[in-house]
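First comes the structure, then the notes that go with it.
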Amino acid sequence: MPRVHIDVMLKEEILDPQGQAVERALPSLGYEGVSGVRIGKHIELDVPDDADVAATVDGIADKLLANPVIERFSWRVDATG
Amino acid sequence: MRVGVIQFPGSCDERDAVRALSHLGAEPVLLWHGTADLDGAEAIVLPGGFTYGDYLRTGAIAQFAPVMGAVADFAERGGPVLGICNGFQVLCEARLLPGALTRNEGLRFIHRRQALRVETPGTWLDAPAGAVLDIPVKHGEGRYVHDDPDGLAAAGQVLVRYCHADGTVDDDANPNGSVAGIAGVTNAAGNVAGLMPHPEHAVEALLGSTDGAKILGAVLRAGVGA
């Protein structure tokens, strides 16, 4: 069964306060100048062998895993799986 | 008037909503999420809470509960549906309301009494435009996002905005970073409404404010035999 890795991120124009909080913590760890921190979700799942992977994953991501009003998603099949 | 209050796993304000609706003279009935039968309700309230643990996103899982198909059909026929806090999030996820709700700008869970300015009186508000209501908020993910807040306001779909006690809307009065201070909206047809503040916690003077009755009371007026 193909294992699929899906990433869900807030759209670029949507403020990400979690990412900002992490970014503000970095200088205190000695990492100066690191910017553009964005936090999202990573989801992995197995798709049945007889299923259309693209249609299945696009459907699941669009209907449930991401809210297209504020998020976008991308996915890839695990080549090692 | 029979008002259905939906109970999802993780709802926590459904009994407050039932009590408040009874106090206002309605006949509330709890509706389990697993049913597709609205039990003759003439209006529907989706209460606050943390449905399905807010897993994935607030309201994301609840939108697929069997009862939500019945609620969508009821709304499609013009039936009045009000979502409070998590109920608002569920209605946005179900695309019954425009926009989305996400994490508060300041990341903190906010609980406080909040002044709200009435934007669009009518079905959902028993108060004139510009009136200031005192209603509690309590949420961690109440930042309202919409790509055209001015268009939404022009269409009469903005119900209330966060404001100061004098009715001024600005960033200081905005508890969560919602776009244009929007605290509640309706759908285009006007029969589905949602707001983050909790009118069901503000219907008895003992608890500090009775302004919630101006919203929940309107649910009773809005009820139809849809």
Report task. Side chain from CB out, backbone as N, CA, C, O: work out which of these in A:Glu13 comes under 4.5 Å of a heavy atom of chain B, or both, or neither. Result ->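 For A:Glu13, neither part sits under 4.5 Å from chain B.
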Query raised in the report: CD of A:Gln18 to CZ of A:Arg38: how many Å apart, nearest 0.5 Å?
Result: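 So the gap between those two atoms works out to 10.5 Å.
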Query raised in the report: For B:Phe109, does its backbone N or O pair with a side-chain atom of B:Lys138 as donor and acceptor, under 3.5 Å?
Result: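 Flag not set: sc B:Lys138 to bb B:Phe109 has no pair under 3.5 Å.
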**Report entry** Largest heavy-atom contact set with chain A, pairs under 4.5 Å, which of B:Gly177, B:Gly106, B:Pro98, B:Ala100
**Finding:**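 The answer is B:Ala100.
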**Report entry** Part of B:Asp147 lying under 4.5 Å from any heavy atom of chain A
**Finding:**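 The answer is neither part of B:Asp147.
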Report task. Verify the distance criterion only: is there a donor paired with an acceptor across the side chains of B:His164 and B:Asp170 at less than 3.5 Å? Result ->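 Yes, a side-chain donor-acceptor pair sits under 3.5 Å.
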Query raised in the report: At their closest point, which heavy atom of B:Ala43 faces which heavy atom of B:Val219, and how far apart are they?
Result: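 Heavy atoms of B:Ala43 and B:Val219 come nearest at CB-CG1, 3.8 Å.
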